[in-house]
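Report on the structure given below.
Computation of the quantities below employed the complete heavy-atom set of this structure, encompassing side-chain atoms and omitting hydrogens, waters and symmetry-equivalent molecules. Every chain is numbered from 1 and lettered A, B, ... according to where its sequence line falls, protein lines coming before strand lines.
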2 protein chains.
Amino acid sequence: MSSESKRSSELRRSMPLLPIGTVMQLTELTARQIRYYEEHELIQPHRTEGNRRMFSLNDVDTLLEIKDMLEQGVNMAGIKKVFDMKKNSSMLKAQANEEISNSELRQILREEMKLAQRSQKPSLRHGDMSRFYQ
Amino acid sequence: MSSESKRSSELRRSMPLLPIGTVMQLTELTARQIRYYEEHELIQPHRTEGNRRMFSLNDVDTLLEIKDMLEQGVNMAGIKKVFDMKKNSSMLKAQANEEISNSELRQILREEMKLAQRSQKPSLRHGDMSRFYQ
DNA sequence: ATTACATGTTAGGAAAACTGACATGAGTAA
DNA sequence: TTACTCATGTCAGTTTTCCTAACATGTAAT
């Protein structure tokens, strides 16, 4: 994928399109849960002028990942760690403007394995929003 | 594209995700305009239990096409005709389970040319929602 | 001049979402 | 056991968004 098309599709996926009701249906989470995850800064939905949350497709993806991890016994602190690591690794990627190195990948996987073991589940598999858009 | 993946992407694009406020922003149409086009059966948004309209990406595409045509001088009756023709031609395609024939294509283009000439504009070019999702 | 069309505007009401507070059940630590 | 924490439920009181219906208006066609 060209960096140009990657950038523009990222733009689209981060457009705040969906109200919380739609997100509830897509994720099968309650409004309370979604707001709680925002409170813990796992997502940062936009706000309308009138203060209503508007979510992007990326936000929905993130929520599905959160849901998955919670169901697998990972607590909020663990989820935060995983997301922090992801952000760091993607920052590294952006800095170098190239794919993540094998050693970085191994480091990340090691950390994920540790978390997974702690919650007595074999692996972390996250949600996939791709089925909702072309 | 396989007929399988075509069918499932159609499913996604027809999911009712967006409230009218979002659609207003995406299309730069007023709520009045959007409701008026629905009144004329150019779109059929879903309704929530509470009677709120919920629009799909297909609906947004259609609205952009409507906007384009109106700006090019086509009136509602003309737009209806164009959409009827499109529906018929896609039904024919589905029936035969193959691409539209050259003679059918020429017939459609002839009709479109007639409409375009009547509104003193050279051609019909419609909106493209693809920039809003991957 | 009248009419039709596409859209603006307003009013009153209902649905959906907001914040904040308190409640609760399961798990953990003391 | 008792107490605490965590993730979530629930409720109350507001505010925002959306709804329908009606009437108003500018432009183009007759």
Can you check whether [X] has a side-chain N or O nearer than 4.0 Å to OP1 or OP2 of [N]?
{"X": "B:R32", "N": "C:dA6", "value": "no"}
{"X": "A:R53", "N": "C:dC18", "value": "yes"}
{"X": "B:T30", "N": "C:dG8", "value": "yes"}
{"X": "A:Y36", "N": "D:dT8", "value": "no"}
{"X": "A:Y37", "N": "D:dT8", "value": "yes"}
{"X": "A:T48", "N": "D:dT16", "value": "no"}

Could you state the [atom1]-[atom2] distance from [X] to [N], rounded to the nearest angstrom?
{"X": "A:H40", "N": "D:dA7", "atom1": "NE2", "atom2": "P", "result": "6 Å"}
{"X": "A:M54", "N": "C:dA16", "atom1": "CE", "atom2": "P", "result": "15 Å"}
{"X": "A:I20", "N": "D:dT16", "atom1": "CD1", "atom2": "P", "result": "17 Å"}
{"X": "B:I66", "N": "C:dC5", "atom1": "CD1", "atom2": "C1'", "result": "15 Å"}
{"X": "A:E38", "N": "D:dT8", "atom1": "CD", "atom2": "P", "result": "15 Å"}
{"X": "A:E28", "N": "D:dT8", "atom1": "CD", "atom2": "P", "result": "14 Å"}
{"X": "A:E39", "N": "C:dG20", "atom1": "CD", "atom2": "P", "result": "10 Å"}
{"X": "B:E71", "N": "C:dA6", "atom1": "CD", "atom2": "P", "result": "14 Å"}

(Q) Go nucleotide by nucleotide along DNA chain D from the 5' end; which of A:G50 and A:N75 gets its closest nucleotide reached first? (A)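 Closest to the 5' end, via its nearest nucleotide, is A:N75.
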Q) Does the distance from a Lys or Arg side-chain N to an Asp or Glu carboxylate O, for A:K87 and A:E41, drop under 4.0 Å? A)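 No, no charged N to carboxylate O under 4.0 Å.
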Q | Nucleotide nearest B:M76 when distance is taken to its side chain, options D:dT20, C:dG8, C:dA6 | A |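 The listed nucleotide nearest to B:M76's side chain is C:dA6.
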Q | Side-chain donor or acceptor of B:D59 paired with backbone N/O of B:S56 under 3.5 Å | A |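 Looks like yes, one N/O pair under 3.5 Å.
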Do you reckon [X] sits in the same ILVMFWY cluster as [Y], going by side-chain contacts under 4.5 Å, direct or chained?
{"X": "B:V23", "Y": "B:I43", "answer": "yes"}
{"X": "A:V60", "Y": "A:L42", "answer": "yes"}
{"X": "A:F55", "Y": "A:L29", "answer": "yes"}

Q. For B:R35, which contact category applies under a 4.0 Å heavy-atom criterion: base, sugar-phosphate, or nothing?
A.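 Base contact - B:R35 has a heavy atom under 4.0 Å of at least one base atom.
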Q: Between B:L70 and A:T22, name the one whose nearest nucleotide on DNA chain C is closer to the 5' end.
A: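 This one resolves to B:L70.
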Q: Decide yes or no, distance alone: a donor-acceptor N/O pair under 3.5 angstrom between the base of D:dC18 and the side-chain of B:R52.
A: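 Present.
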